[in-house]
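Working notes, structure below.
Quick note on labels: first sequence line is chain A, next is B, and so on, each numbered from 1.
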Protein chains: 2
Amino acid sequence: MSTRETIIQLGDQLIRSKGFNAFSFYDISEKMKIKNASVHYHFPTKTDLGISILEAHRQKLHSLIESTSTKGPVDKLNSFLLIYTTIKSEGHVCLVGSLATDLNTVDLKIANELKTFADEILNWVTTILDEGKTSGVFSFQCSPRTKALMVITNMLAALQLSRLTNEEDFYTIRNEVIKGLKD
Amino acid sequence: MSTRETIIQLGDQLIRSKGFNAFSFYDISEKMKIKNASVHYHFPTKTDLGISILEAHRQKLHSLIESTSTKGPVDKLNSFLLIYTTIKSEGHVCLVGSLATDLNTVDLKIANELKTFADEILNWVTTILDEGKTSGVFSFQCSPRTKALMVITNMLAALQLSRLTNEEDFYTIRNEVIKGLKD
DNA sequence: GTCTATATTCCGATAGAC
DNA sequence: GTCTATCGGAATATAGAC
């Protein structure tokens with residue numbers, strides 16, 4: 001992996017473990033055994049790094065949407081839920097949740113990129129649920145978009161709340177989300 | 001209101017608008033037209049202030065639980081949901097969500113106080129849903145505690161996600177939470 | 001591309017006068 | 001209880017050598 005990619009990866013982990021305002025370029029340089037100034041060579045400002053981290057997440061999402069495009073709604077939803085299970089196994093929170101709580105402190109460019117990312121996630125899940133409802137593998141009363149909002153908020157906050165109440169609560173919520181698609 | 005109470009109130013708003021690591025004692029002193037050092041007189045460390053803010057929230061919760069104790073489950077649930085609607089009207093996120101994403105950066109005392117607060121919220125909502133299920137005004141398949149986890153995660157993340165997708169999505173989620181208690 | 005060195009700003013915290 | 005003044009540390013960022 002290139003230096004640039006490593007910085008993005010470490011920055012991503014730091015945002016999701018400590019928050020955007022709590023991590024520093026030194027945190028990254030220290031782990032890579034390079035100097036602070038070297039990180040600035042690749043990303044002049046912290047905002048530049050934030051944007052690149054968001055772009056990497058969007059790219060990864062686009063790849064996942066593409067690679068699961070021929071599968072059924074159940075498989076697609078499992079792919080979506082697996083994102084959160086992976087994050088939980090790392091003990092972190094998701095990028096959207098972490099940056100959403102810091103929204104008023106980040107550069108407008110980051111805020112806008114984050115909004116685009118959130119919209120893309122919402123649109124994907126809405127499409128999955130719509131397909132599933134049409135084909136009959138999912139059953140719910142409200143609109144696919146509203147159900148997508150419910151599913152996403154359950155998973156996003158499951159990562160945050162289960163840090164406080166009980167780690168197992170994440171899986172309790174995850175299982176109930178799945179059950180909630182068959183009523 | 002006393003100086004101490006004003007500091008707590010402003011600190012609370014700052015945590016929920018900018019996050020714990022992004023606000024400073026100067027932010028508070030500036031708005032109160034006093035000096036940085038005066039804030040430190042009331043709260044020697046930032047951790048001390050964080051603890052007091054959490055204690056104030058717990059106290060407020062206890063008062064709400066007490067004052068609604070004679071009401072029915074529907075009224076109690078509306079009181080719970082009103083907390084989030086009020087926060088939304090201010091454009092902020094909730095204290096639990098804000099501090100949960102910063103959990104790895106705060107003093108252990110704050111983390112423990114936050115966990116207690118989250119447990120108290122979960123226990124209250126669980127009790128409300130249990131009462132409602134027993135009396136028949138609420139209907140759901142899973143356990144009251146699991147349903148409480150679903151409701152809380154929906155509301156907590158609705159504040160965060162609706163900042164990004166659409167402000168109206170908060171109310172969409174809120175209404176769907178209510179509908180979800182009558183299936 | 002990475003380094004040393006440094007400029008600049010900001011923050012948490014404290015000492016001591018009033 | 002609030003003030004002035006300041007210390008010490010940390011973080012973002014840049015200049016210029018290698």
Side-chain angles (χ1 to χ4, degrees), chain A residues 1-54 56 98-99 101-111 113-114, chain B residues 1-54 56 98-99 101-111 113-114:
Chain A
M1 190 165 9
S2 72
T3 301
R4 182 188 161 85
E5 287 170 326
T6 304
I7 293 170
I8 289 175
Q9 194 190 57
L10 288 173
D12 171 43
Q13 287 177 9
L14 284 163
I15 289 179
R16 292 185 295 102
S17 63
K18 301 178 65 175
F20 187 78
N21 292 307
F23 90 90
S24 71
F25 275 33
Y26 176 74
D27 292 332
I28 293 173
S29 66
E30 184 191 23
K31 291 183 183 176
M32 295 179 70
K33 294 178 180 175
I34 60 177
K35 298 298 171 184
N36 176 20
S38 302
V39 180
H40 275 285
Y41 167 79
H42 295 279
F43 302 94
T45 70
K46 200 175 182 182
T47 294
D48 291 327
L49 176 56
I51 294 286
S52 292
I53 290 169
L54 273 163
S98 178
L99 289 175
T101 60
D102 295 337
L103 195 68
N104 295 332
T105 72
V106 298
D107 192 287
L108 199 58
K109 291 180 196 168
I110 291 182
E113 189 78 13
L114 177 62
Chain B
M1 193 167 6
S2 70
T3 301
R4 182 188 162 86
E5 287 169 326
T6 305
I7 294 171
I8 290 175
Q9 194 190 56
L10 288 173
D12 171 42
Q13 287 177 8
L14 284 162
I15 289 180
R16 291 184 294 103
S17 62
K18 301 178 64 174
F20 188 79
N21 293 307
F23 90 90
S24 71
F25 275 34
Y26 176 74
D27 293 331
I28 293 174
S29 67
E30 184 192 23
K31 292 184 184 178
M32 295 179 70
K33 294 177 179 175
I34 58 176
K35 299 297 171 182
N36 176 20
S38 302
V39 180
H40 275 284
Y41 167 79
H42 295 278
F43 302 95
T45 70
K46 200 175 183 181
T47 295
D48 291 327
L49 176 55
I51 294 287
S52 292
I53 290 169
L54 274 163
S98 178
L99 288 175
T101 59
D102 294 337
L103 195 69
N104 295 331
T105 72
V106 298
D107 191 287
L108 198 59
K109 291 179 197 171
I110 291 183
E113 190 77 13
L114 178 62

*Starting at atom NE2 of B:H40, determine the distance to atom P of D:dC7, rounded to an integer number of angstrom.*
16 Å

*asked:* Show me the pairs that pass salt bridge (charged side-chain N to carboxylate O under 4.0 Å, His left out) and involve residues 11-23 of chain A, at least two apart or across chains.
replied: A:D12-A:R16, A:R16-A:E90, A:K18-A:D27

_Whole-Å gap separating C1' (D:dT12) and CG (A:D48)_ = 12 Å

*asked:* Tell me the interatomic distance from B:K46, atom NZ, to C:dT14, atom P, rounded to whole angstroms.
replied: 15 Å

*asked:* So A:F43 and A:S52, do their side chains get closer than 4.5 Å, heavy atoms only?
replied: yes

*Just jot down the ring pair (Phe, Tyr, Trp, His ring centres under 6.0 Å) partners of B:H40, sequence neighbours excluded, or say none.*
B:F25

Contacts under 3.5 Å, N or O only, protein and nucleotides 2-8 of chain C:
| unit_1 | atom_1 | unit_2 | atom_2 | d |
| --- | --- | --- | --- | --- |
| C:dT2 | OP1 | A:T3 | OG1 | 3.3 |
| C:dT2 | OP2 | A:H42 | NE2 | 2.8 |
| C:dC3 | OP2 | A:K35 | N | 2.6 |
| C:dC3 | OP2 | A:S38 | OG | 2.8 |

*Tell me, please, which residues at least two apart from B:T47 pass side-chain contact (heavy atoms from CB on, under 4.5 Å).*
B:T45, B:I51, B:D107, B:I110

*Side chains of B:Q9 and B:T6, donor plus acceptor under 3.5 Å*: no

*Any pair counted as salt bridge (charged side-chain N to carboxylate O under 4.0 Å, His left out), so long as it reaches residues 30-45 of chain A, sequence neighbours left out*: none

*Check: A:S17/B:N104 side-chain N/O donor and acceptor closer than 3.5 Å*: no

*Check DNA chain C against residues 13-31 of chain B and give the residues with a non-hydrogen atom under 4.0 Å, in numerical order.*
B:F23, B:S24, B:F25

_I'd like to check B:L114 versus B:V106 (side-chain heavy atoms, cut-off strictly below 4.5 Å). Are they in contact?_
no

